[in-house]
Engineer: 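My structure is below; once you've seen it, I'll send some questions.
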Amino acid sequence: MSNVTNLLPVQQWGFAFERPVLISGPCGVESEVQMHTLAKDVAPLGVHILRGGIWKPRTRPESFQGIGSDGLKWLKEAAHANGMLATTEVATPHHVEEALDAGIDILWVGARTTVNPFLVQEIADTLVGTNIPVFIKNPINPELELWIGAIERIQKAGIQRIAAIHRGFSSFEKSKYRNVPNWTIPIELKRRIPEISLLCDPSHICGTRELIASVAQTALDLNYDGLMIESHPDPKHALSDQQQQLTPGALAELLRILVIRQPNVDDVIFNTLLEELRYKIDQIDNELLDTMAERMELAREIGRYKKENNMTILQVERWNEILRTRLKYGSDKELTQEFVSKLYELIHQESIFQQTSVMNSAEDLRI
Ligand code: PEP
Ligand code: MN
């Protein structure tokens, strides 16, 4: 992945963006007036790139499917007339050709397309010989390799200006989010491809306006390079995603409250303090692992004892008792229930594994 060029600093783009990059615009382009009204209102807020879906991947066939190619001109003209770039979603080679012909500046691949390697490959093949930047949203399912695979396909087509957009993941579990963020996945993406720019789309993660500020702030705190936020002159009457689009006024308020932090601070006292705290954390982590090793040694001892007495490994009452008491102890120490229960599931699983390996040592298994 070494020839993926980081979008930031964005000199390569020929435009001087300030960090974080701001992308905003409606879920779907609906009319020329809508695009010009919105562009005029969001450009002064510092939005660099105007977005708008032209072909909308909708779950149900009776939903608004997007205005189609007529909208490309409205999107581009509204963006350029207000000093912004224009971006839209492409899901087929035909979309790519139309968007390129219309002079759209940046393309993005949507979550429903990233899941499909055939389609991504077709899009990549159509991009060969162009030099257009491409944003790639995460696939709808929480699978990092699929996301990386799509990035690699586009990159192999010779596209260097690539950014990944984190828009959350579908989940069967009930959640306050429309698409659960699963922050560990984009963080792992960034660890695997450090040179890639990472953008967050809090609108599609949240699904409702109220949650957008906290998700956008988390993304900035995690050092994301930019945000894609849906906005509409009149969200209540939008033809799609009414609940999550912001009016220009609400977008202005959001941008006012977001805190932009620096990844590195040039302050000797602060850095020394940070080093000290990190040193303490390193020590505690060593102690944690020593303690875990001790605990697992005890588990093996119990395993040997149970084996001698021909007793089963799993005793549900004991496991319930451990969970109950540890959750209580943890909550007294201000640890969340979710953290303690996940931690104990892992510890219990490892204990069982350790006991099983003692009970069925290689010798026992020999016939
Ligand atoms: C969109 O950005 O409007 C969109 C359809 O997003 P996603 O691909 O993340 O669902
Ligand atoms: Mn949308």
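Counting convention: from 1, in listed order, for ligands and their atoms alike. All figures in this text were calculated on a predicted structure; none of them were measured in a lab.
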Engineer: Pairwise, report which nitrogen or oxygen atoms of ligand 1 are under 3.5 angstrom from protein nitrogen or oxygen atoms, and how far apart they are.
Structural biologist:
residue: ligand 1; atom: 2 (O); partner: R51; partner atom: NH1; Å: 2.8
residue: ligand 1; atom: 2 (O); partner: R51; partner atom: NH2; Å: 3.4
residue: ligand 1; atom: 2 (O); partner: K137; partner atom: NZ; Å: 2.8
residue: ligand 1; atom: 3 (O); partner: R51; partner atom: NH2; Å: 2.8
residue: ligand 1; atom: 3 (O); partner: K56; partner atom: NZ; Å: 2.7
residue: ligand 1; atom: 3 (O); partner: H204; partner atom: NE2; Å: 3.3
residue: ligand 1; atom: 3 (O); partner: E230; partner atom: OE2; Å: 3.4
residue: ligand 1; atom: 6 (O); partner: K137; partner atom: NZ; Å: 2.9
residue: ligand 1; atom: 8 (O); partner: A111; partner atom: N; Å: 2.8
residue: ligand 1; atom: 9 (O); partner: K137; partner atom: NZ; Å: 2.8
residue: ligand 1; atom: 9 (O); partner: R167; partner atom: NE; Å: 2.6
residue: ligand 1; atom: 10 (O); partner: R112; partner atom: NH1; Å: 3.0
residue: ligand 1; atom: 10 (O); partner: R167; partner atom: NH2; Å: 2.8

Engineer: How far apart are the C-alpha atoms of Q242 and K236, what are their side-chain angles, what is the distance that settles it, and do they pass the side chain to side chain donor-acceptor pair (under 3.5 Å) test?
Structural biologist: CA-CA 6 Å; Q242 292 177 356; K236 275 199 289 301; over 6 Å; no

Engineer: With sequence neighbours excluded, tell me which residues meet ring pair (Phe, Tyr, Trp, His ring centres under 6.0 Å) with W147.
Structural biologist: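 Expected list: none.
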
Engineer: Are F135 and I23 close enough that some pair of their side-chain heavy atoms sits under 4.5 Å apart?
Structural biologist: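 Yes, at least one pair of side-chain atoms sits under 4.5 Å.
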
Engineer: Are side-chain heavy atoms of T88 and I106 found at a separation under 4.5 Å?
Structural biologist: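 No, every pair of side-chain atoms sits at 4.5 Å or beyond.
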
Engineer: As a quick check of understanding, evaluate side chain to side chain donor-acceptor pair (under 3.5 Å) for Q244 and D241, giving each step before the final call.
Structural biologist: CA-CA 6 Å; Q244 70 193 32; D241 288 354; 2.9 Å; yes

Engineer: Does E173 CD have over 12 foreign heavy atoms under 6.0 Å away?
Structural biologist: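 At most 12 heavy atoms, drawn from other residues, nucleotides or ligands, come within 6.0 Å of this atom.
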
Engineer: Below the 2.8 Å mark, what number of protein N, O or S atoms do you get around the Mn ion (ligand 2)?
Structural biologist: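 The number of such protein atoms is 4.
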
Engineer: Less than 6.0 angstrom separating the ring centers of H166 and W183, yes or no?
Structural biologist: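 Centroid separation for H166 and W183: below 6.0 Å.
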
Engineer: Going by side-chain hydrogen bond (donor to acceptor under 3.5 Å, both in side chains), K137 matches just one of T114, D201, T113. Which one?
Structural biologist: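 Output: one option passes, namely D201.
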
Engineer: Using the test side chain to side chain contact (heavy atoms under 4.5 Å, CB included), find all partners of I352 that sit at least two apart in sequence or belong to another chain.
Structural biologist: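 Scan of I352 (side chain to side chain contact (heavy atoms under 4.5 Å, CB included), adjacent residues dropped) gives I313, L314, H348, T356.
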
